[in-house]
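Below: the structure, in structure tokens.
Scope of the values below: all heavy atoms of this structure, side chains included, with no hydrogens, waters or symmetry mates. Chain identifiers are assigned alphabetically (A, B, ...) following the order of the sequence lines, protein sequences preceding nucleic acid strands; residue numbering begins at 1 within each chain. All values derive from a computational prediction rather than experimental measurement.
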Protein chains: 2
Amino acid sequence: MRPRISDVARVAGVSTATVSRALSQPELVSEETRALVLQAVEKTGYRLNLAARNLRQNRTGGVLALVPNLANPFFAQILSGIAEVLGPAGYNLLVADTRITDPDTLLEYAEPSRADGLIVLDGGLPAEALRRVPVVMACEWVPALQAPRVKIDNRAAARQAIAHLMALGHRRIGHVRGPRGNVLAEARLAGTREALEEQGLCLDAASLYPGDFSLASGREAALIWLRQDPGLRPTGVFLASDEMACGFMGEVQRQGIAVPGDVSVIGFDDIELIAHISPPLTTIRQPRAEIGRLAARRLLRSLEGGEAACEDELLPVELVLRASTAVPPRA
Amino acid sequence: MRPRISDVARVAGVSTATVSRALSQPELVSEETRALVLQAVEKTGYRLNLAARNLRQNRTGGVLALVPNLANPFFAQILSGIAEVLGPAGYNLLVADTRITDPDTLLEYAEPSRADGLIVLDGGLPAEALRRVPVVMACEWVPALQAPRVKIDNRAAARQAIAHLMALGHRRIGHVRGPRGNVLAEARLAGTREALEEQGLCLDAASLYPGDFSLASGREAALIWLRQDPGLRPTGVFLASDEMACGFMGEVQRQGIAVPGDVSVIGFDDIELIAHISPPLTTIRQPRAEIGRLAARRLLRSLEGGEAACEDELLPVELVLRASTAVPPRA
DNA sequence: AGGCTGAATGAAATCGTTTACATAAGACGA
DNA sequence: TCGTCTTATGTAAACGATTTCATTCAGCCT
């Protein structure tokens with residue numbers, strides 16, 4: 001049988017209260033008692049039962065991350081940042097994939113007896129389900145939910161991407177958007193529109209390609225682009241995710257189109273891989289691990305300090321120039 | 001205040017025992033009582049306190065996955081498979097990154113009061129730390145630990161890759177290995193050696209490149225390869241991970257080498273992206289999500305059925321032919 | 001000396017469930 | 001009709017910690 005706190009108490013010749021204190025609030029017991037207790041712990045091989053502590057303290061010691069797609073490397077790096085902060089602070093990291101988990105179960109998850117707090121990475125969740133515990137949103141956000149958001153300025157980032165293409169001399173510029181309704185996709189699209197309109201250009205329907213952030217949808221966009229009139233189609237394409245940019249570039253290259261000779265391509269996120277393909281992809285870097293760390297710290301503050309201010313935290317992005325963008329081809 | 005089970009009992013006019021039974025073992029109470037209880041639950045807004053249940057039942061309801069690197073998409077997909085099985089079975093998925101977490105904390109994690117079971121994805125962990133709860137190993141494995149392993153036949157898979165290159169006519173074949181001491185890296189290297197030796201060839205030192213599965217190390221291997229005598233260096237290279245293959249191919253392409261015209265490249269894993277770059281990469285597909293699912297099922301069996309047999313589970317791999325391999329260039 | 005303070009400790013209540021055991025009421029066969 | 005089962009329920013004891021409150025004792029001030 002596993003030793004309990006009372007076994008330690010007996011061996012040390014003190015009460016369970018003292019053992020408890022010696023272990024979790026050492027400054028409350030005398031030095032000699034503390035030594036006695038630690039010795040008894042060693043001797044008995046005692047290990048704290050977390051369920052018991054959690055019950056008594058009415059907490060779980062865990063933080064739940066709600067991820068739209070665990071298989072996506074993008075989120076993996078955010079999780080990594082979250083774990084980095086949570087671990088040392090004494091919290092477990094629980095993860096749930098919101099696409100896999102059915103809505104009822106999800107409701108059960110976002111509950112004080114499951115987790116002390118929530119980090120939401122999926123902007124498509126129902127706000128009502130998330131009101132029962134402290135929440136921080138990272139990257140994406142649920143518009144109806146009032147809670148701290150740790151994110152980048154997607155609109156400004158998109159403008160930066162477009163500005164880059166225009167600075168190179170591109171005038172026919174296309175955009176492959178993310179999924180409809182997704183907050184990131186909409187913000188990036190809006191930024192694209194704005195940047196173009198400021199220069200008297202406009203994003204016409206033929207230059208706006210559907211997409212869903214996935215590789216496959218980037219490829220589909222390429223297929224559409226390839227069918228368009230070479231004299232009219234965009235010479236520069238901004239894609240709302242690096243994955244799509246990869247899919248796009250791979251497909252046009254296979255059809256004999258040169259990047260950046262015939263078309264410039266710029267992505268979004270700066271996932272690791274795109275620096276290593278040929279040509280390396282120009283992109284907007286998003287500090288993923290940092291977003292995770294910040295979100296976790298923010299949540300810890302809510303958990304420990306009570307109610308924190310609900311301001312958004314905007315992280316800077318960076319335009320990473322590589323070899324997939326260049327001046328447009330001569331007509 | 002959150003309603004407790006006794007509040008429900010009062011409202012329903014029954015005892016707490018009956019409420020508990022009505023909720024978790026409905027077949028034990030009469031139909032009318034059950035209805036009464038459910039009504040009372042609805043009315044009071046009662047939600048089960050998991051900490052209390054866990055304490056009483058002496059379980060945690062969680063399974064911990066130990067991942068060597070959360071930021072790696074490879075593991076993300078395995079996690080996805082694990083989550084898919086665990087959720088419906090009523091278990092939480094906890095994850096810990098073994099590189100981030102310090103060893104002491106890790107020891108605390110692999111503990112009955114933290115998690116009911118463990119899925120180990122890191123072969124480099126100390127076996128002693130993992131003996132306190134049921135364990136299943138997936139992909140990688142801890143040699144000293146006797147526990148079920150869900151994995152592929154890495155050696156046979158490597159032989160398959162080499163056989164493919166030889167069938168195309170390659171005679172000078174290179175291998176970029178994974179990190180030293182890693183069980184996967186060693187198995188793939190062994191398979192490579194075997195396959196070559198069976199055909200009277202041998203893997204000489206100049207054709208064995210160091211690596212650590214990462215993109216960057218693939219690129220380094222490419223730099224070495226590029227410096228070697230074009231008449232002597234390998235015409236076909238098998239890399240122990242797709243990431244390395246990407247790094248390798250990207251770098252040689254940038255130096256004007258054609259793939260597969262000048263050198264054939266074959267990777268390992270079949271991560272999604274490599275099907276979309278140019279040229280699409282030939283590789284060995286590993287069923288990642290399936291590995292995760294299987295490992296989770298296996299663990300559930302241990303948790304519920306008691307001691308299960310400790311046999312390894314070998315999943316099939318598949319040689320995926322794409323465009324990065326072809327006949328060797330004429331000398 | 002008496003009273004007050006603060007530190008160190010212990011006794012016992014508490015957290016919210018589940019479940020072993022006891023009880024009561026019908027059903028059934030002999 | 002009487003035991004004997006079965007079914008449905010209730011009572012109360014766990015589960016293993018933390019924490020409130022009370023107690024003891026030494027030190028210090030007046």
Task: Base C/dT18 paired with B/Arg53 side chain (donor-acceptor, <3.5 Å) - done: no
Task: Residue met sooner reading DNA chain D from 5', once A/Val19 and B/Thr16 are mapped to nucleotides - done: B/Thr16
- [ ] Would you kindly give the CG-to-C1' distance between A/Asn54 and C/dT17, to the nearest whole Å?
- [x] 14 Å
Task: Whole-Å gap separating P (C/dG16) and CG (B/Asp7) - done: 9 Å
Open item on the list: Please classify the nucleic acid contact of A/Arg59 as base, sugar-phosphate, or nothing, using heavy-atom distances under 4.0 Å.
Closed with: nothing
Open item on the list: Just to be sure I understand the rule, does A/Thr33 reach a base, reach only the sugar-phosphate, or reach nothing, if contact means heavy atoms closer than 4.0 Å?
Closed with: sugar-phosphate
Open item on the list: Do B/Thr98 and B/Asp122 pair up side chain to side chain, a donor and an acceptor below 3.5 Å, judged on atom types alone?
Closed with: yes
TODO: Return the nearest nucleotide to the side chain of B/Arg56; candidates are C/dT18, C/dG16, C/dG10.
DONE: C/dT18
- [ ] Could you check how far CG of A/Leu28 sits from P of C/dG6, rounded to whole Å?
- [x] 15 Å
- [ ] Using whole Å, report how far CZ of B/Arg21 lies from P of C/dT18.
- [x] 11 Å
Task: Upstream residue (5' side of DNA chain D) when B/Ala17 and B/Gln57 are each assigned their closest nucleotide - done: B/Ala17
Open item on the list: Do A/Val95 and A/Leu64 make a side-chain contact, defined as non-hydrogen atoms from C-beta onward lying under 4.5 Å apart?
Closed with: no
Task: Salt bridge A/Glu313-A/Lys151, side-chain N to carboxylate O under 4.0 Å - done: no
Could you list the donor-acceptor pairs under 3.5 angstrom formed between side-chain atoms of residues 66-84 of chain B and any protein atom two or more places apart in sequence or on another chain?
from, atom 1, to, atom 2, distance (Å)
B/Asn69, OD1, B/Ala71, N, 3.0
B/Asn72, OD1, B/Phe74, N, 2.7
B/Gln77, OE1, B/Arg288, NE, 2.8
B/Gln77, OE1, B/Arg288, NH2, 2.3
B/Glu84, OE1, B/Arg293, NH1, 3.3
B/Glu84, OE2, B/Arg293, NH1, 3.2

Task: B/Arg4 vs C/dG16: side-chain N/O to OP1/OP2 distance below 4.0 Å - done: yes
- [ ] Grab the CG-C1' distance between A/Leu55 and C/dT18 for me, whole Å please.
- [x] 12 Å
- [ ] Name the nucleic acid region contacted by A/Ser20, choosing base, sugar-phosphate or nothing; use a 4.0 angstrom heavy-atom cut-off, strictly under.
- [x] base
Open item on the list: Taking any heavy-atom pair under 4.0 Å as a contact, classify A/Leu48: base, sugar-phosphate, or nothing.
Closed with: sugar-phosphate
Open item on the list: We want to know whether B/Ser113 and A/Asn49 form a side-chain donor-acceptor pair, criterion being a heavy-atom distance below 3.5 angstrom.
Closed with: no
- [ ] Kindly give the heavy-atom pair with the smallest separation between B/Thr101 and B/Asp97, and that separation in Å.
- [x] OG1-O, 2.6 Å
TODO: Compute whether any side-chain donor of one residue and acceptor of the other, for A/Asp116 and A/Thr60, lie under 3.5 angstrom apart.
DONE: yes
TODO: Would you mind classifying the nucleic acid contact of B/Asn49 as base, sugar-phosphate or nothing, using non-hydrogen atoms under 4.0 angstrom?
DONE: sugar-phosphate
Task: For chain B, the stretch of DNA chain D it reaches, first to last nucleotide, under 4.0 Å of its heavy atoms - done: D/dA8 to D/dG16
Task: Separation of C/dC15 C1' from A/Leu50 CG (nearest whole Å) - done: 15 Å
